[in-house]
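Report on the structure given below.
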There are 2 protein chains.
Amino acid sequence: MMELTRKGEYAIRGIVYLAGKQTDKVCLLSDIAEAVNVPPTFLAKIFQQFSKIGLVKSYRGTGGGFMLGRPPEQITLLEVVEAVEGPILPNRCVAAPTDCERSCDCNVHPVWQRVQSEVRQVLGGVSLKDLAICK
Amino acid sequence: MMELTRKGEYAIRGIVYLAGKQTDKVCLLSDIAEAVNVPPTFLAKIFQQFSKIGLVKSYRGTGGGFMLGRPPEQITLLEVVEAVEGPILPNRCVAAPTDCERSCDCNVHPVWQRVQSEVRQVLGGVSLKDLAICK
DNA sequence: CCCTAAAAGGATATAAACAGTCTTTTTGGT
DNA sequence: ACCAAAAAGACTGTTTATATCCTTTTAGGG
């Protein structure tokens with residue numbers, strides 16, 4: 001359980017690749033897709049989502065392509081993952097506690113909150129700079 | 001992302017309810033289902049899975065029903081969740097590192113391992129006894 | 001101004017997973 | 001033998017995942 005989807009995997013691969021390039025150079029989507037071995041049409045959708053929230057900047061037309069929207073050390077893995085997979089929510093009740101508070105069953109609630117918090121902390125502590133470094 | 005399915009929710013509700021009963025008394029599936037507001041046919045499937053791995057003991061025929069397989073303090077939330085949702089695997093690559101090690105992209109790998117480990121630790125630290133207590 | 005390169009957006013297709021139901025079989029008690 | 005209860009398996013409808021394709025918009029270059 002708790003599995004990242006393909007979309008999430010591709011998203012990470014794509015943007016980490018971008019983070020490994022010079023910050024001032026645009027990359028063609030088709031090049032990125034080929035480099036990280038992801039269907040270009042699918043990656044296009046993903047990068048559109050990135051673009052909307054400013055994780056990447058896009059340029060159309062001849063000479064166009066993508067660049068990181070911010071320096072790689074200022075983009076966390078958490079942002080990338082949540083951009084395409086939605087917020088980290090181990091359980092509905094963490095999002096909507098209304099439905100949950102009644103009945104003593106919900107000793108479970110705080111546990112899911114801890115899970116959420118731990119995961120966010122791990123992912124939030126890693127930047128694209130960390131990930132792009134080639135050992 | 002990382003959401004528990006209905007099955008997982010129902011599983012927790014059902015077994016936590018059971019943990020709140022005396023350890024030596026069997027409960028009818030139909031009663032449990034009604035008490036925790038879960039479709040009985042669905043809960044049946046879930047308890048079958050529990051039964052197979054010994055989380056609960058089942059008795060057939062007249063006077064039959066379900067009991068916890070072990071004292072509630074010896075069953076963790078992790079076991080319950082993994083019983084019905086499968087192992088905690090934030091990313092395929094955590095399960096099958098073979099496909100992952102090449103290419104410098106996989107600085108991501110250890111991050112998912114940490115996520116997995118943190119989640120397991122939180123869920124593993126909570127027992128049914130903790131959850132069954134009515135405040 | 002037109003042609004081409006590139007991303008944006010929308011519609012569609014297929015497959016898998018989820019959520020649940022129904023029926024039949026097995027087992028145990030009376 | 002009969003009844004009560006869980007086990008097991010087949011089946012169904014809905015939603016999500018995983019794409020692909022096509023048209024539109026934007027930008028640059030000749």
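Each chain gets a letter, A, B and so on, in the order its sequence line appears, and its residues count up from 1. The figures here come from the full heavy-atom set of this structure, side chains too, leaving out hydrogens, waters and symmetry mates.
- Residue Tyr10(A) has a polar side-chain atom (N or O) positioned under 4.0 Å from OP1 or OP2 of dA19(D).
- Mapping Gly8(B) and Gly63(A) onto DNA chain C by nearest heavy atom places Gly63(A) at the nucleotide closer to the 5' end.
- On a pure distance criterion of 3.5 Å, no polar donor-acceptor pair joins the side chain of Thr62(A) and the base of dG29(D).
- Rounded to an integer number of Å, the gap from Phe50(A) CZ to dA8(C) P is 12 Å.
- Nearest nucleotide to the Arg60(B) side chain, out of dA6(D), dA8(C), dA19(D): dA6(D).
- Tyr59(A) comes within 4.0 angstrom of the backbone, heavy atoms only, and of no base.
- Side-chain atoms of Glu118(A) do not come within 3.5 Å of backbone N or O of Val115(A) as any donor-acceptor pair.
- If you take CD of Gln49(B) and C1' of dG9(D), they are 14 Å apart, rounded to a whole angstrom.
- If you check every strand for non-hydrogen atoms under 4.0 Å, Ser30(B) touches nothing.
- Looking at heavy-atom distances under 4.0 Å, Phe66(A) makes contact with sugar-phosphate atoms alone, never a base.
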Under 3.5 Å, which N/O atoms of the protein pair with N/O atoms of nucleotides 21-24 of chain C?
| from | atom 1 | to | atom 2 | distance (Å) |
| --- | --- | --- | --- | --- |
| dT21(C) | OP2 | Thr41(B) | OG1 | 3.2 |

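- For dT16(D), neither phosphate oxygen OP1 nor OP2 lies less than 4.0 angstrom from any side-chain nitrogen or oxygen of Thr5(A).
- Going from atom NZ of Lys7(B) over to atom P of dT15(D) covers 19 Å, rounded to whole Å.
- In this structure, Tyr17(A) is not a member of the same hydrophobic cluster as Tyr59(A), with clusters built from ILVMFWY side-chain heavy atoms closer than 4.5 Å.
- The shortest side-chain heavy-atom distance between Asn107(A) and Asp130(B) does not fall under the 4.5 Å cut-off.
- Look at CD on Glu9(B): it is 9 Å from P on dA19(C), rounded to the nearest Å.
- For Leu28(A), taking side-chain heavy atoms from C-beta onward, the closest of the listed nucleotides dA7(C), dG9(C), dA19(D) is dA7(C).
- Counting to the nearest Å, the P atom of dA19(D) and the CG atom of Leu29(A) are 15 Å from each other.
- In this structure, Glu34(B) places its CD atom where only 12 or fewer heavy-atom neighbours from other residues, nucleotides or ligands lie under 6.0 Å away.
- A donor-acceptor pair under 3.5 Å is absent between the side-chain atoms of Glu85(A) and the main chain of Leu4(A), judged by distance alone.
- Rounding to whole angstrom units, CG of residue Leu43(B) and C1' of dG20(C) are separated by 12 Å.
- In this structure, Val122(A) and Val111(B) have side chains that are in contact, with non-hydrogen atoms separated by less than 4.5 Å.
- The nearest heavy atom of DNA chain C to Gly61(A) and to Ser58(A) marks one nucleotide each, and the one closer to the 5' end goes with Gly61(A).
- One can place CZ of Arg6(A) at 15 Å from C1' of dT14(C), the figure rounded to the nearest angstrom.
- Counting to the nearest Å, the C1' atom of dA7(D) and the CD1 atom of Ile46(B) are 15 Å from each other.
- If you check every strand for non-hydrogen atoms under 4.0 Å, Lys52(A) touches sugar and phosphate atoms only.
- To the nearest 0.5 Å, atoms CE (Met1(A)) and CE (Met2(B)) are separated by 7.5 Å.
- Going from atom CG of Leu43(B) over to atom CD of Gln48(B) covers 10.5 Å, rounded to the nearest 0.5 Å.
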